[in-house]
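Every chain is numbered from 1 and lettered A, B, ... according to where its sequence line falls, protein lines coming before strand lines.
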There are 2 protein chains.
Amino acid sequence: MPVRKGSTIDPERTRTGIIEAATPLLYERGLDGIGVAELCARLGASKETVYRYFGSKEGLIQAVLEARSKRVTSWIAGAVAAAGDDPRDQLTAVFDELQRWYDDPGFRGCAMQNAAAQHHVEAVREITSRHLDRRLDLLTAIARRAGAADPDTLGRQLLLLVEGATLVAAHHDRNAGKHAKQAALALLPTVSTSTGTV
Amino acid sequence: MPVRKGSTIDPERTRTGIIEAATPLLYERGLDGIGVAELCARLGASKETVYRYFGSKEGLIQAVLEARSKRVTSWIAGAVAAAGDDPRDQLTAVFDELQRWYDDPGFRGCAMQNAAAQHHVEAVREITSRHLDRRLDLLTAIARRAGAADPDTLGRQLLLLVEGATLVAAHHDRNAGKHAKQAALALLPTVSTSTGTV
DNA sequence: GATAGATAGAACTGATCGGTACGAACTCAG
DNA sequence: CTGAGTTCGTACCGATCAGTTCTATCTATC
């Protein structure tokens, strides 16, 4: 329950509290799978409050997706940072983290992928696209550190494996992260010329 | 307009006509993005007819997805068959076909992927899973013909590239098919031992 | 040409949806 | 203590939805 009755001490706290509480509900049920009334009831907030902060259900959805994108991005970036300097270790860390996510019983695919597939709204498409931009940047940086001849292309190939693994894990094979990891490592240059360490 | 007024000569014709007419509408607007009333109006069929043949909107959706899965599967299988015996040519044909699809202005992602992401219904999940089963079989066969040491694993890796390319093409980069093709060819054994041609 | 089955089209139902309005309860500043 | 602002809870509104029913009309068959 993110909010109390009466005047709010910290409006920003209220806002983020609503977002955090709404995130799992929209993820589990789907963006159109839960109505504003039930959403607010489970949030412990009133419709009036939600509409004051976000203007519409669409506004709440976009705020939730933005927050989710940032969290996921920093989660992956953190795994890379914790893996040391070897790009092979970094890539291994990424796919191991993903596989741990797929193993979670609550895993229902990537919220960003699901939203883009079900929600035909330009703003949501932009959020998803920016999300993939950030992910591509991270993977391209690893490709560059690995000394790839064409880091941009390798980065895009790695992006296909990450997104493909998440989708296949959701709909077909929970072990997709392991296969993606093998493929990703196989795509890296076999001998690290390490000309692109910076 | 799949149906005329009056008694029908061929009920199966009516059924497939409804499915074919409904397919692009559900694809463009999303499964929940168009109501049964508008759907029937655009189909030129009455609600009574649709409900007689399919029982519910859900039944129509499942019939549309089944038909779509079969069409797409035979489309890809046809491209492989037309590419000759070299597994590298076959894989190239698959990704070239996919890229041609992504280049279509009407491309809005894979209907199967979209349905699975937006529709939290067990039956739809099963249709999608079987669809990916068939696709995995096809890719594993190519991997085997290519002489892969572990055709099952390579097949699954190729599946990640196919599905990842379709998703990324829909939401981020229309050229995903070209990058996927390069990655797929790089994953194939460099020297075709061709022990698995049969 | 009479009959039976299938159809289009439109009216209708009950439920649910997003969004608004309002009163009562609450907090904080003065 | 008072008043302004915030919140909850509920009631409400108009629109839309999936699904049903009815009638008039069409076609194939006998």
Side-chain angles (χ1 to χ4, degrees), chain A residues 1-22 25-26 28-65 115 118-124, chain B residues 1-22 25-26 28-65 115 118-124:
Chain A
M1 320 296 177
V3 277
R4 329 187 307 282
K5 212 161 184 177
S7 192
T8 304
I9 302 175
D10 187 350
E12 192 56 33
R13 200 83 158 186
T14 304
R15 185 184 155 87
T16 59
I18 291 175
I19 290 175
E20 284 177 16
L25 293 169
L26 289 169
E28 289 161 16
R29 302 271 295 267
L31 302 184
D32 293 331
I34 186 170
V36 176
E38 184 182 352
L39 201 52
C40 292
R42 304 267 210 120
L43 260 49
S46 69
K47 295 176 76 171
E48 183 165 354
T49 301
V50 169
Y51 276 93
R52 173 177 344 211
Y53 277 86
F54 301 97
S56 64
K57 185 185 183 183
E58 187 61 35
L60 173 61
I61 286 172
Q62 292 173 21
V64 165
L65 290 177
Q118 75 193 256
H119 219 67
H120 291 196
V121 172
E122 187 56 27
V124 169
Chain B
M1 321 298 177
V3 277
R4 329 187 307 283
K5 213 161 183 176
S7 191
T8 305
I9 301 174
D10 187 351
E12 192 56 33
R13 200 82 158 189
T14 304
R15 184 185 155 87
T16 59
I18 291 175
I19 290 175
E20 285 177 15
L25 292 169
L26 289 170
E28 290 161 13
R29 301 270 295 268
L31 302 183
D32 293 331
I34 186 169
V36 176
E38 183 182 351
L39 201 51
C40 293
R42 304 265 210 122
L43 257 51
S46 70
K47 293 176 78 171
E48 184 166 352
T49 301
V50 170
Y51 276 93
R52 163 132 43 130
Y53 277 86
F54 301 98
S56 64
K57 184 185 183 182
E58 186 60 35
L60 174 61
I61 286 172
Q62 291 173 20
V64 165
L65 290 177
Q118 74 192 256
H119 220 66
H120 291 196
V121 172
E122 186 56 27
V124 169

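One can place CZ of B/R42 at 18 Å from C1' of C/dA8, the figure rounded to the nearest angstrom. Across the protein-nucleic acid pair, A/R15 atom CZ and D/dT6 atom C1' stand 17 Å apart, rounded to whole Å. Rounding to whole angstrom units, CZ of residue A/R13 and P of C/dT27 are separated by 18 Å.
Here the side chains of B/L31 and B/K57 are not in contact, with every heavy-atom distance at 4.5 Å or above. Residues A/L65 and A/L26 fail the side-chain proximity criterion, which asks for heavy atoms closer than 4.5 Å.
With hydrogens and angles disregarded, a donor-acceptor distance shorter than 3.5 Å links the side chain of B/H120 to the backbone of A/E28.
A search for side chain to side chain contact (heavy atoms under 4.5 Å, CB included) contacts involving B/A37 returns nothing, not counting sequence neighbours. Not a single side chain to side chain donor-acceptor pair (under 3.5 Å) links B/Q118 to another residue, sequence neighbours left out. Partners of A/R29 under the salt bridge (Lys or Arg N to Asp or Glu O under 4.0 Å) rule, at least two apart in sequence or in another chain, are A/E38. With sequence neighbours left out, A/E20 forms a side chain to side chain contact (heavy atoms under 4.5 Å, CB included) with no residue at all.
Rounding to the nearest 0.5 Å gives a distance of 10.5 Å between CG of B/L25 and SG of B/C40.
Closest to the side chain of A/A45, from the set D/dC8, D/dT7, C/dT7, is D/dC8.
Here A/Y53 does not reach the OP1 or OP2 of D/dT6: none of its side-chain N or O atoms lies under 4.0 Å away.
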Please write out each protein N/O paired with an N/O of nucleotides 13-16 of chain D under 3.5 Å, distance rounded to 0.1 Å.
none

Assign a letter to each nucleotide of nucleotides 13-20 of chain C from its 5' end: B, base within under 4.0 Å of a protein heavy atom; S, sugar-phosphate only; -, no contact. -----SBB
